[in-house]
A.B. asks: 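Structure provided below as structure tokens; questions to follow.
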Amino acid sequence: MTEFESSLYNILARLPQGKLTTYGQLAKQCGYPSHARLVGRTLSKLPKDTKLPWFRVVNSQGKISLAGDAFIRQKEQLSAEGIDINESGKVVNFRHYL
DNA sequence: AAAGTGACGGTCT
DNA sequence: AAGACCGCCACTT
């Protein structure tokens, strides 16, 4: 486990319910600005049964970066926390950002 | 080894 | 507001 991964997991684990963050934001907090893509790649490898709130992460444009099935799952998870997504996959309620 | 490919981002149009 | 462009970095072909 790299130190990047451990810090990413720690930060994500602290992200409050009902709040959102972005890949780039997490990358910065991990001490690796410009590694937003690395965050995405790392999250994509999380086990299906992870306890981490991976669904509270969207891209800098406020959109869900997943396709197909995964998109649906994330939308459902967010909906359960009162966050709504429009037909373009974009977050409607921006006040949820940290 | 070179080129393609993403759970990405900032800028400029 | 939305799309085109280009920078970015680890991985795969």
Side-chain angles (χ1 to χ4, degrees):
Chain A
M1 154 105 51
T2 69
E3 60 93 15
F4 171 80
E5 293 173 320
S6 49
S7 55
L8 173 59
Y9 297 153
N10 277 308
I11 292 169
L12 191 52
R14 286 180 182 68
L15 184 58
Q17 177 272 352
K19 301 284 184 173
L20 295 179
T21 190
T22 67
Y23 299 92
Q25 184 60 65
L26 287 172
K28 282 187 212 169
Q29 296 179 57
C30 288
Y32 288 79
S34 87
H35 285 64
R37 288 193 106 125
L38 179 55
V39 171
R41 215 172 36 251
T42 305
L43 294 187
S44 75
K45 290 184 279 203
L46 288 173
K48 183 187 64 167
D49 57 8
T50 184
K51 304 291 189 298
L52 291 174
W54 56 270
F55 48 85
R56 299 191 191 128
V57 185
V58 295
N59 65 30
S60 67
Q61 303 165 76
K63 299 194 350 180
I64 287 181
S65 287
L66 291 177
D69 250 29
F71 172 90
I72 303 298
R73 285 198 298 279
Q74 180 165 10
K75 181 178 159 71
E76 299 288 302
Q77 289 284 327
L78 292 179
S79 175
E81 298 192 345
I83 297 170
D84 299 313
I85 306 299
N86 69 16
E87 49 287 331
S88 316
K90 192 161 48 185
V91 173
V92 176
N93 255 342
F94 274 72
R95 61 186 142 88
H96 293 293
Y97 279 99
L98 204 48

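Numbers restart at 1 for each chain; the letters A, B, ... are given by sequence-line order, proteins then strands.
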A.B. asks: To the nearest 0.5 angstrom, please state how far the OG atom of A/Ser65 sits from the CD atom of A/Gln74.
C.D. replies: 8.0 Å

A.B. asks: Do the side chains of A/Arg56 and A/Glu81 get close enough for a salt bridge, i.e. N-O under 4.0 angstrom?
C.D. replies: yes

A.B. asks: May I have the distance from A/Tyr23 (atom OH) to B/dA7 (atom P), rounded to whole angstrom?
C.D. replies: 9 Å

A.B. asks: Would you mind reading off the distance between A/Lys90 atom NZ and C/dA1 atom P, rounded to a whole angstrom?
C.D. replies: 7 Å

A.B. asks: Between A/Ser88 (side chain only) and A/Lys90 (backbone N and O only), is there a donor and an acceptor less than 3.5 Å apart?
C.D. replies: no

A.B. asks: Can you tell me, in whole Å, how much space there is between the P of C/dC6 and that of B/dA7?
C.D. replies: 22 Å

A.B. asks: Measure from the side chain of A/Ser65, starting at C-beta and using heavy atoms only, and say which of C/dA2, B/dG10, B/dA7 lies closest.
C.D. replies: B/dA7

A.B. asks: Give a yes or no on whether the backbone of A/Arg73 and the side-chain of A/Glu76 come within a donor-acceptor separation of less than 3.5 Å.
C.D. replies: no

A.B. asks: Using a cut-off of under 3.5 Å, enumerate the N/O to N/O pairs linking the protein to nucleotides 3-12 of chain C.
C.D. replies:
unit_1 : atom_1 : unit_2  : atom_2 : d
C/dA10 : O4'    : A/Arg41 : NH2    : 2.6

A.B. asks: With sequence neighbours excluded, give me every ring pair (Phe, Tyr, Trp, His ring centres under 6.0 Å) pair touching residues 28-64 of chain A.
C.D. replies: A/Phe4-A/Tyr32, A/Tyr32-A/His35

A.B. asks: Closer than 4.0 Å, any side-chain N/O of A/Ser60 to the OP1 or OP2 of B/dG9?
C.D. replies: yes

A.B. asks: When we call it a touch if two heavy atoms are under 4.0 Å apart, what does A/Thr42 touch: a base, just sugar-phosphate, or nothing?
C.D. replies: nothing

A.B. asks: A/Leu66 CG to B/dA7 P: how many Å, rounded?
C.D. replies: 8 Å

A.B. asks: A/Asp69 has an atom CG; how far is it from atom P of B/dA7, in whole Å?
C.D. replies: 14 Å

A.B. asks: Taking the side chain as every heavy atom from C-beta outward, state whether A/Leu26 and A/Thr22 have any pair of such atoms under 4.5 Å apart.
C.D. replies: no

A.B. asks: Find the distance A/Ile72:CD1 to B/dA7:P and express it as a whole number of Å.
C.D. replies: 16 Å

